[in-house]
Structures are given as structure tokens and as C-alpha cells.
Amino acid sequence: MTNMPASVEMDEFDRRIIAALVEDGRMTVTDLAAAVGLSKTPCQVRLKRLQQAGVIRGFRAIVDPAKLGLDHIAFTEVKLSDTREAALREFNAAVRRIPEVEECHMLASNFDYLLKVRTADIRRYRMVLGEKISALPHVASTSTFVAMETVMEAGHRRISRKG
């Protein structure tokens, strides 16, 4: 754990910087400054502060999974046999090692985790479920929901410019 505050105080310019970078993380600082209404140096200072504070954690490419042959998405509910802290840590560490698991969320529900699993097809998903997910520490049961169509994904989400 870090000693960083849970949230960082930001003003309208900071929010504009974040929103602009969410839309185009490759824009130059000069273009960013023009987009948010600042000169280059103050924009650069704000950008550096947002990165150092952990608000901006990094930049990455958004790829088309279908063009990589990975357009099968399944959501897997996972119920654990043990939910004490040590068991949760074991599960969390192990699930991070499964490359097909794109997202993992602990929920307050009648099951413990929801996984987003991306594979080439249902056969590959079945193998991942049977050999990897079901073998995770403390897994008692799973249930699967297959996505028929992706309407919106996190990589294409817009950030509100309002506080």
C-alpha cells in the first residue's frame, strides 16, 4: 500500500487534460495545451503533476481484439469456498497470472468475483475455464455468461469534464 491520498485535488484544467488524453493519448504537449486552453509550460507542469500523483498511470495502445483473433468474451462468476483475507490474497495473485483474464472484480453479491475472459473461441474458453480458472485457489463454483456483442468497452469510454 502507498501513502498517497485516495483522490487528488483537481481543477477544470486538470479535468480537461485528462479528458483530452483519454481521447488521444499520443497528442503532443503543444496540442494538449491548445486543446485545454493553456500555454505549453503550465500544461506540461500539470501533466507531470497528474502523472506523479498517479492520476495518469500510463499510456497504452488500444488494439482491435477481433483482428488478433480474440473476439470471444465470456464473463465468469466465481464463488470461493473461503473468503478470509489470506484466501482472497491467494486468489487475487493467482488470477493475475492468467493472460486470458482481462478484468477481475470482487463484488458484493451472491458470488465473489466477476471475471472478463477473452479468448479466440468457445473451445479455448472451455479450456481456460477447466484448466486455469477452476484450478485457482479456493474456487468452489463458476458460472459463465457469453457476450453476444460488445456495445462499449473501457478503452473507448469518455471521461466527464465536470467534477
Side-chain angles (χ1 to χ4, degrees), residues 1-10 14-26 47-163:
M1 295 268 167
T2 63
N3 291 332
M4 293 181 63
S7 63
V8 175
E9 203 170 307
M10 295 187 298
D14 295 327
R15 287 191 255 301
R16 286 183 195 166
I17 288 170
I18 293 165
L21 290 173
V22 165
E23 289 298 314
D24 180 6
R26 292 182 55 143
L47 179 58
K48 186 175 183 175
R49 180 179 56 79
L50 290 168
Q51 289 173 310
Q52 289 174 336
V55 174
I56 298 173
R57 297 187 306 185
F59 298 89
R60 60 179 64 127
I62 299 171
V63 299
D64 183 343
K67 293 191 177 174
L68 298 173
L70 297 171
D71 55 351
H72 183 271
I73 299 171
F75 293 91
T76 307
E77 294 178 352
V78 177
K79 185 158 185 61
L80 300 183
S81 59
D82 183 353
T83 56
R84 291 175 290 181
E85 197 58 38
L88 298 176
R89 279 195 306 273
E90 284 180 58
F91 177 88
N92 293 348
V95 77
R96 287 184 182 105
R97 293 191 291 270
I98 301 175
E100 294 87 355
V101 176
E102 252 185 26
E103 297 179 16
C104 175
H105 304 274
M106 179 191 278
L107 301 179
S109 181
N110 61 341
F111 57 95
D112 301 300
Y113 287 89
L114 181 64
L115 311 180
K116 179 182 178 185
V117 184
R118 187 180 292 278
T119 58
D121 53 37
I122 192 73
R123 284 181 207 85
R124 176 69 183 157
Y125 172 74
R126 185 171 177 253
M127 191 283 301
V128 170
L129 179 65
E131 295 180 15
K132 296 181 180 182
I133 295 171
S134 294
L136 288 168
H138 312 288
V139 170
S141 64
T142 64
S143 184
T144 297
F145 303 88
V146 175
M148 293 173 44
E149 176 183 6
T150 298
V151 178
M152 185 174 81
E153 281 191 302
H156 298 94
R157 178 175 31 114
R158 296 187 192 280
I159 301 295
S160 172
R161 291 185 182 202
K162 301 207 183 223

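What you see is a predicted model; the values in this text were computed from it and never measured.
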Handout entry: Gap separating the CZ atom of F145 from the CD1 atom of I73, nearest 0.5 angstrom
Key = 15.5 Å
Practice task
State the CE-CG distance between M106 and L114, to the nearest 0.5 angstrom.
Solution key: 12.5 Å
Practice task
Could you list all the side-chain hydrogen bond (donor to acceptor under 3.5 Å, both in side chains) pairs where at least one residue sits in residues 138-150, not counting sequence neighbours?
Solution key: E90-H138, Y125-T144
Problem - All pairs passing side-chain hydrogen bond (donor to acceptor under 3.5 Å, both in side chains) where residues 55-66 contributes a residue, at least two apart - result: none
Which heavy atom of [X] sits nearest a heavy atom of [Y], and at what distance?
X: L50; Y: M10; answer: CD2-SD, 3.9 Å
X: V95; Y: C104; answer: CG1-SG, 3.9 Å
X: V139; Y: S134; answer: CB-O, 4.0 Å

Practice task
Not counting sequence neighbours, which residues clear salt bridge (charged side-chain N to carboxylate O under 4.0 Å, His left out) with R126? List them please.
Solution key: none
Practice task
List for me each residue that meets side-chain hydrogen bond (donor to acceptor under 3.5 Å, both in side chains) alongside K116, sequence neighbours excluded, and say none if there are none.
Solution key: E102, E153
Handout entry: Results of side-chain hydrogen bond (donor to acceptor under 3.5 Å, both in side chains) for D14 - residues two or more places apart only
Key = R46, R49
Handout entry: Short side-chain to backbone donor-acceptor contact, D112 and L80, under 3.5 Å
Key = yes
Exercise for the section: Scan for ring-ring contact (aromatic ring centres under 6.0 Å, His included) pairs involving residues 101-122, sequence neighbours excluded, and state none if there are none. Expected result: F91-Y113
